[in-house]
Amino acid sequence: MNNFICNEPRLMPILKLLIGDVLSGTTSSGVHHRGILEGWFGAHLWNSRPIVLLATALLVFAPLVSFKRLDSLRYTSALSVALAVVFVVITAGIAIIKLFNGTVAMPKLFPELDGLNSIWNLFTAVPVLVTAYICHYNVHSIDNELEDRTQIKPIVRTSLVLCSSVYIATSFFAYLLFGEGTLDDVLANFDANLGIPFSSVFDDIVRVSYAAHVMLVFPIVFFALRLNLDGLLFPTWRHISRDNKRFAIITIALLTVIYLAAILIPSIWDAFQFTGATAAVLIGFIFPAMVVLRDSYGIATKRDKILAVTMIVLAVLSNSVALYSDAMNMFRKKEVA
């Protein structure tokens, strides 16, 4: 069960966007990076992003999101964690081999500060980090299915430690391996010669394992979205797991919206920036603080309420700056293009 909480805490369109990038390719800074299918078979209509994502939705997502209990996804969850570890181990192994061979360039240890522009860039990076830890919406569902509910705290701690370790190891070894050439979507870096024997094989293993990892994570995040949307739209109706018709309608509608969003979003970096500065901040900071301020059971202390107000003010201010910076960066890219 500990794998359920923090497997890959991102919003569903971002997950499908990642799958599209890995399987069908992506374009970054005017350079096209081939996807797995494009690299194997060449560019064709059948392996274009819309077709690949549609096939993934029908053949992989539809069966997995049909389960009505999180516990039914325990094996796919465990497998997704194992695949994430495979990605980290291979990336670390390649970086270490190249380091010992002396073929890794020394990356910059400190950023280049360019006045106010550097501050704006910092605010665009923070929402991406925030998005990575928006995972607590599954805690209640997991807690409800546990036989021993005292296990929830060690489960949460283990999940956070595991995910933090994967994130830190991935960022460290990827930056060591690719240096200043590290792309916003680091998976796009694995479409070229890595400078080691069987480079193309390792490229494919990394991207295939991560694509499979994201596919197996999707149903877990989708479970919480469907449950909460149903509670918002039908608060007085019986539980969605007992109403097959409502369950099917909401599931199909959500999959359709997510598919369209994944097709229309231009890049993974844009998706992370804007979702991190909006939905992630609301879910992670503003909504919990509002719950504390509402204090329905009269248990919040004065200190709790002061912290809640402070959290809301800081979240609104910092992410207003982030949204402004994100918008300006997008306009600058269009002007350059």
Side-chain angles (χ1 to χ4, degrees), residues 1-16 18-19 56-87 131-167 209-255 257-258 283-284 287-288:
M1 294 292 294
N2 61 323
N3 298 324
F4 285 154
I5 296 179
C6 242
N7 250 326
E8 187 67 22
R10 296 181 183 125
L11 303 179
M12 271 60 66
I14 299 180
L15 290 174
K16 292 201 73 172
L18 270 172
I19 294 169
T56 303
L58 295 177
L59 300 179
V60 181
F61 293 156
L64 291 177
V65 300
S66 299
F67 292 112
K68 297 182 178 181
R69 286 174 54 87
L70 268 177
D71 186 61
S72 302
L73 298 170
R74 62 187 181 277
Y75 296 117
T76 57
S77 175
L79 180 58
S80 69
V81 173
L83 290 170
V85 172
V86 168
F87 170 78
T131 307
Y133 285 94
I134 300 303
C135 51
H136 53 273
Y137 45 71
N138 268 330
V139 172
H140 298 295
S141 298
I142 296 168
D143 190 28
N144 291 334
E145 295 186 14
L146 285 174
E147 294 181 1
D148 181 4
R149 302 184 71 172
T150 61
Q151 294 180 349
I152 192 64
K153 285 188 177 180
I155 286 174
V156 172
R157 290 169 184 157
T158 302
S159 299
L160 289 173
V161 170
L162 175 62
C163 288
S164 298
S165 301
V166 171
Y167 294 150
S209 65
Y210 201 84
H213 160 74
V214 175
M215 289 180 187
L216 296 178
V217 165
F218 181 93
I220 299 168
V221 185
F222 186 92
F223 186 94
L225 173 63
R226 178 175 54 201
L227 187 63
N228 284 281
L229 180 62
D230 178 72
L232 178 65
L233 298 177
F234 310 103
T236 60
W237 293 34
R238 61 178 177 173
H239 196 274
I240 188 173
S241 63
R242 300 178 181 177
D243 190 329
N244 292 333
K245 183 178 180 181
R246 195 167 89 248
F247 183 90
I249 291 174
I250 292 179
T251 299
I252 294 171
L254 284 175
L255 283 176
V257 171
I258 292 166
I283 296 172
F287 287 166

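Ser209 is linked by a side chain to side chain donor-acceptor pair (under 3.5 Å) to nothing, counting only residues two or more places apart in sequence or in another chain. Applying the side chain to side chain contact (heavy atoms under 4.5 Å, CB included) test to Arg157 and every residue at least two apart in sequence or in another chain returns Lys153. Remark: Arg246 engages Asp230, Asp243 in a side chain to side chain donor-acceptor pair (under 3.5 Å) (not counting sequence neighbours). Residues satisfying the side chain to side chain contact (heavy atoms under 4.5 Å, CB included) criterion with Leu58, sequence neighbours excluded, are Leu54. Checked against side chain to side chain donor-acceptor pair (under 3.5 Å), Ser241 has the following partners two or more places apart in sequence or in another chain: His239. The side chain to side chain contact (heavy atoms under 4.5 Å, CB included) search around Val161 returns Ser165, not counting sequence neighbours. Take Asn244 and apply the side chain to side chain contact (heavy atoms under 4.5 Å, CB included) test, not counting sequence neighbours, and it matches Lys68. Under the ring-ring contact (aromatic ring centres under 6.0 Å, His included) criterion, Phe234 pairs with Trp237, sequence neighbours left out.
A donor-acceptor pair is defined here as one N or O able to donate and one able to accept, closer than 3.5 Å; such a pair exists between the side chain of His213 and the backbone of Ser80. The closest donor-acceptor contact from the side chain of Ser77 to the backbone of Arg74 lies at 3.5 Å or more, if one exists at all.
Here the side chains of Phe222 and Leu64 are not in contact, with every heavy-atom distance at 4.5 Å or above. With contacts defined as side-chain heavy-atom distances shorter than 4.5 Å, the pair Ile258/Leu225 qualifies. Residues Leu160 and Val156 are in side-chain contact: their nearest non-hydrogen atoms beyond the backbone lie under 4.5 Å apart. Between Leu255 and Phe218, the closest side-chain pair of non-hydrogen atoms falls below 4.5 Å. For the pair Val65 and Phe223, the minimum side-chain heavy-atom distance is 4.5 Å or more.
Among residues at least two apart or in separate chains, there is no salt bridge (charged side-chain N to carboxylate O under 4.0 Å, His left out) pair with a member in residues 218-227. Within the structure, salt bridge (charged side-chain N to carboxylate O under 4.0 Å, His left out) pairs that include any residue of residues 209-220 do not occur (at least two apart or interchain).
A distance of 5.0 Å separates CG in Asp143 from CD1 in Ile152, rounded to the nearest 0.5 Å. A distance of 8.0 Å separates CD1 in Ile240 from CG in Leu229, rounded to the nearest 0.5 Å.
Across all non-hydrogen atoms, the minimal contact from Phe87 to Tyr210 is CG-CD1, 4.0 Å.
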